[in-house]
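On a predicted model such as this, the values are computed, not experimentally measured, just so you know. Count residues from 1 along the sequence. Only this structure's heavy atoms are used, side chains among them; waters, hydrogens and symmetry mates stay out.
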Amino acid sequence: MVGMYTWLDTDTWYRRQQYEFFRQYEMPFFNMTSLVDVTRLRARSAAEGSSFFLLSLHASLQAAQEIEPFRYRIEGDRVVVYEVIHAGSTILHEDQSFGFCYFPYEADAEAFCAAGVRRIAVQQAHRHLDPHLGQQDIIHYSVIPWIHFSSFQHARRLGKDDSIPKIVFGQYQRDPAGRYMMPVSVEVHHALADGLHVGQYLARFQALLDV
């Protein structure tokens, strides 16, 4: 479980019926893909010499901290509410394999990006898969900068108790209005969150990208 947490009182939770209903599903995750405007973030990345990936990852994590259902995880028959969640993301190696790299959340974007650069260098040097099985206080991220996708399907192990959200960033492209738009796939466990919460996350993510 790893991080600091409290237990959600599911007996008095306003979503108790939805939680109990979707807990019975063999495939309880749902996925939504939307475009976000990264025009300002792209300019900021160029001006600061900062990683576009790490800046977008930080904004995404900050939004997820603020939308509480993104910090919910199922543990047995109970629901954990993590105080802080972090990121685990795929990182490409020179030989075209990939590994998982872990990015502890920091409120300060500059500090987060500086630490992230070091962590990526270590992962690329060692080239270990390093899946961190059992860690729950994270969001699983992937980055596919070669494809401007409109939908996404994750690999799944059926029957495994998993409630971790999964977020994928795709290739940004310039639209007719001159904006740079990036596809974002968001997958969440329906026992813990609804389309409303994904919409809230995407709205907050966009607001942070526009800063």
If only atom types and distance count, is the side chain of [X] paired as donor or acceptor with the main-chain N or O of [Y] below 3.5 Å?
X	Y	answer
Ser50	Ser45	no
Tyr201	Leu196	no
His58	Ala107	yes

**OP:** Determine the sole option in Gln124, His128, Gln123 for which the side-chain hydrogen bond (donor to acceptor under 3.5 Å, both in side chains) test with His93 is passed.
**Re:** Gln123

Subject >> Test: Arg42 cationic atom under 6.0 Å from Tyr172 six-membered ring centre, within 45° of axis >> reply: no

Original post:
Quick one: are the ring centres of His189 and Phe30 less than 6.0 Å apart?
Top reply: no

Original post:
Do His190 and Tyr25 have their ring centres less than 6.0 Å from each other?
Top reply: no

Original post:
When you check the side-chain N and O atoms of Asn31 and Ser151, is any donor under 3.5 Å from an acceptor?
Top reply: no

Subject >> Parallel, tilted or perpendicular: rings of Tyr5 and Tyr82 (30°, 60°) >> reply: perpendicular

Original post:
With a cut-off of 6.0 Å (strictly less than), are more than 12 heavy atoms of other residues, nucleotides or ligands near CZ of Arg156?
Top reply: yes

Subject >> Residue pairs fulfilling salt bridge (Lys or Arg N to Asp or Glu O under 4.0 Å) with at least one residue in residues 101-130, sequence neighbours excluded >> reply: Asp95-Arg127

Original post:
Can you tell me how far the NE2 atom of His154 sits from the NE2 atom of His140, to the nearest 0.5 Å?
Top reply: 10.5 Å

**OP:** Report the C-alpha separation of Ile144 and Gln171 in whole Å, then their side-chain angles, then the decisive distance to 0.1 Å, and conclude whether the side-chain contact (heavy atoms from CB on, under 4.5 Å) test is met.
**Re:** CA-CA 6 Å; Ile144 305 180; Gln171 179 192 67; over 6 Å; no

Original post:
Given Asp194 and Arg15, is the side-chain contact (heavy atoms from CB on, under 4.5 Å) satisfied, shown in steps?
Top reply: CA-CA 10 Å; Asp194 302 316; Arg15 291 191 71 261; 2.8 Å; yes

